[in-house]
Amino acid sequence: MNFRQSIIEGLVPLTQFPATKIADLLEIPPQSQLGDYAFPCFLLAKTLRKAPPVIASELASQLGQSLDFIDRIEAVNGYLNFFIKRQLLVSQSIQEALRQGDHLGSSTLGAGQTVLLDFSSPNIAKPFHVGHAFTTILGNSLSKIYRHIGYQTVRINHLGDYGTQFGKLIVAFRLWGDATALDIHPIQELLRIYVKFHDEAKENPDLEAEAREQFRLLESGLPDQVALWQKFRDLSLKEFDIVYKRLGVEFDSYAGESFYSDKIPAIVEWLNEKHLIEDSEGAQVVRLDEQKLPPCIILKSDGSTIYASRDIAAVIYRQQTYNFAKNIYVVGTPQALHFKQVFGVLEKAGFEKAKDCLHVGFGLVKFADRKLSTRSGDVILLEDLLSESVDKTLEIIRSNAAIRHPDMPEADMLAIAEKIGIGSVIFTFLKNGRERDIVFSWEEMLDFEGDSAPYVMYTYARARSILRKADQEGIDYLHVDPAKLRLLGSDDEFALAKLLESFSQVIEKAASVNEPFMVVRLVCNLARTFNKYYHHESIMKTQAVDLRDARLALVAACSSGIKAALNLLGIDAVERM
RNA sequence: GGGUCUAUAGCUCAGUUGGAUAGAGCAACAGCCUUCUAAGCUGUGGGUCGGAGGUUCGAAUCCUCCUAGGCUCGCCA
């Protein structure tokens, strides 16, 4: 039974409002003492010409006993407050949670529709630094959230694997490259010669010209140039893969800039046919005055392509290949204008799916404390960040294990530290609204108390610990008689059940605004409420066996809820810690 | 200068599309381990929602102006 829907249906005949209107108005009170659902009567005041409190109390008595799942209805301050029968909500919510298990909150909302997520997209031959972490972690989480509610997803890593920079690398590698170093630390070596190229080019401008020539030769397909480029690309990807594996991120496509290189002429031709392109200061541009946007450059004055033209080609290709319902770009907010222009050109060209293209932006990563371990230049490698976090976690695990789990094998501690350490990093990026800048500090990221990945994971481990004990005693808490579940109804139990019940709504909301932090807040809430419960009640020592079993069912439901939510963030829960 | 985003507790942030006494976490202070994991729990203090007007039954939320800051504004991506 859907309580919310039933209340809406009950209110339709009494208010004369359409169901959608009521759905908009029906809210969840700020405090649980005020009820489970609330209907504000202020809008009715105008049509009925009565004071809201009067209307509320009239509605309360009219609605009376017609809704059998309602315990009572109160009229307070012009609000109609609904209290659901606790036992009913609790037992229903736990049964549903146990049925869905680790897929709690999943649905078929997006069945038959495909969402494209363009994220991560690092530049080949450049270090994978913390700046890339945000798009990678955010995109990964969004893909999981969309899949959870039934969409098919295509995760696209739009690699920066083309452009004059590769001409530079080819020139630099021939002059100063070290093949052995390239095999061992490919990106380090490529970065070294890239930096050297720029240093040398200051003295010798001919190098720049040579680089442009080499890129031209690469683009025209000369075997030597292509082979070198391919090698740089392969080795870089191999190194990126190490980070992706640690983060648990996978891609369905690595079609990057090089992939679209030969698709651009057709795009230019298409735009020309529509007479959208005009000459401006030597460059070919599409004017976007009517959209109040600056012109979008399609071809540079030397005739070569640019970021925008490649992105336009990519959108067209993706539509033909995937027939997407949504085409999402997980790219930093500084590029907002760029995407507005790209989508603007497509719209102007009459490409209908332009409205389904979406830029999901995120803030900058800034650094509060500068004393971070870096190997090269002033960038912080994501790999180093992950390792640092894992190391710090391992220290804590070691000191805890000495007290609580003297039997824990070294290999387990390492595996757990890896998951918690990486979970902490992921959590740092996903805990707030994505458009906020992240001021990065070790102190905050490695603060494992309160709302943090370790806190949530710890809660899961505690719940699992109880269930292991129940398993040992042979208790079947997954198939508890619904009648027993109605024994639950304390404040904590009710609060937990309500949180579990809210999963699907929260996850759908998170998807609709592309904000994983909503899932973070949900799971933190669940963890906090669970810890409270854990502290108040000794589950396994509950005297009455039926009540104990019901409580175990609730614990099982909560544990799968936490696991499900963590999975949506890209974090792997651990059974012990 | 144009565009755009932001400003909420000492710090980091929420605030369900205009509703009830503005909420969390951290930090501070005071407590709780012979009991399923103390990475936990319980309690206390802490606010002119950047400022000034306006809209209305009602504003952190909408409008105008101002202040401060971020990002961005044609051949990089």
How long is the line joining [atom1] of [X] and [atom2] of [N], in whole Å?
X        : N     : atom1 : atom2 : value
A/Leu43  : B/U17 : CG    : C1'   : 14 Å
A/Arg404 : B/A39 : CZ    : C1'   : 7 Å
A/Phe39  : B/A20 : CZ    : C1'   : 15 Å
A/Asp36  : B/A20 : CG    : P     : 18 Å
A/Asn432 : B/U8  : CG    : P     : 13 Å
A/Tyr460 : B/C36 : OH    : C1'   : 16 Å
A/Phe517 : B/U12 : CZ    : C1'   : 14 Å
A/Glu395 : B/A39 : CD    : C1'   : 14 Å

Check every strand shown and say whether [X] touches a base, only sugar-phosphate, or nothing at a heavy-atom separation below 4.0 Å.
X        : result
A/Asp311 : nothing
A/Gly433 : sugar-phosphate
A/Met518 : nothing
A/Phe448 : base
A/Ala51  : nothing

*Results of side chain to side chain contact (heavy atoms under 4.5 Å, CB included) for A/Ala60 - residues two or more places apart only*: A/Ile73, A/Leu80
*Is it true that A/Asp572 and A/Lys419 make a salt bridge, defined as a side-chain N closer than 4.0 Å to a carboxylate O?*
yes
*Look at A/Asp289 together with A/Arg287 and state whether they make a salt bridge at an N to O cut-off of under 4.0 Å.*
yes
_Name the residue from A/Tyr260, A/Phe259, A/Tyr317, A/Phe119 that meets the ring-ring contact (aromatic ring centres under 6.0 Å, His included) definition with A/His158._
A/Tyr260
Listed nucleotide nearest any side-chain atom of [X], set [options]:
X        : options             : value
A/Lys509 : B/C36, B/U12, B/U17 : B/U17
A/Ala461 : B/U37, B/G70, B/A20 : B/U37
A/Pro30  : B/A20, B/A39, B/U42 : B/A20

*Syn or anti for B/U17, with syn set at within 90° of 0?*
syn
*Would B/C63 be called syn or anti, given that syn covers angles within 90° of 0?*
anti
*nucleotides 72-77 of chain B: protein proximity per nucleotide (B base, S sugar-phosphate only, - neither; heavy atom, under 4.0 Å)*: S-BBSB
*Base versus backbone protein contacts along nucleotides 21-35 of chain B [heavy-atom cut-off under 4.0 Å; B, S, -]*: --BSSSS-------B
Paired with [N]: which nucleotide, if any, by Watson-Crick or G-U wobble criteria at under 3.5 Å for both distances?
N     : result
B/A27 : none
B/C49 : none
B/G1  : B/C73
B/A68 : B/U6

Rounded distance in Å between the [atom1] positions of [N] and [M]:
N     : M     : atom1 : value
B/U16 : B/A22 : P     : 15 Å
B/C29 : B/G10 : C1'   : 14 Å
B/A52 : B/A38 : P     : 49 Å
B/C33 : B/G40 : C1'   : 10 Å
B/G47 : B/A9  : C1'   : 6 Å
B/U55 : B/U64 : C1'   : 11 Å
B/G45 : B/A24 : P     : 13 Å
B/G58 : B/U44 : C1'   : 33 Å

Does [X] make a side-chain N or O approach to OP1 or OP2 of [N] shorter than 4.0 Å?
X        : N     : result
A/Asn400 : B/A39 : yes
A/Tyr455 : B/C41 : yes
A/Arg436 : B/A14 : yes

Examine distances only and state if a side-chain atom of [X] and a backbone atom of [Y] form a donor-acceptor pair shorter than 3.5 Å.
X        : Y        : value
A/Ser236 : A/Ala125 : yes
A/His132 : A/Ser121 : no
A/Ser261 : A/Ser258 : no

_Along RNA chain B (nearest heavy atom to each residue), the more 5'-positioned of A/Leu364 and A/Ile28_ = A/Ile28
*asked:* Assuming nearest nucleotide by heavy-atom distance, tell me which of A/Leu80 and A/Lys340 is located more 5' along RNA chain B.
replied: A/Lys340
*Side-chain contact test, heavy atoms from C-beta onward, threshold under 4.5 Å: evaluate it for A/Lys126 versus A/Ile187 and give yes or no.*
no
Are [X] and [Y] linked by a side-chain donor-acceptor pair shorter than 3.5 Å?
X        : Y        : result
A/Asn531 : A/Tyr455 : yes
A/Ser490 : A/Glu493 : yes
A/Glu537 : A/Thr542 : no
A/His405 : A/Asp412 : no

*Would you verify whether the NZ or CZ of A/Arg434 falls within 45 degrees of the ring axis of A/Phe362 while also being under 6.0 Å from that six-membered ring's centre?*
no
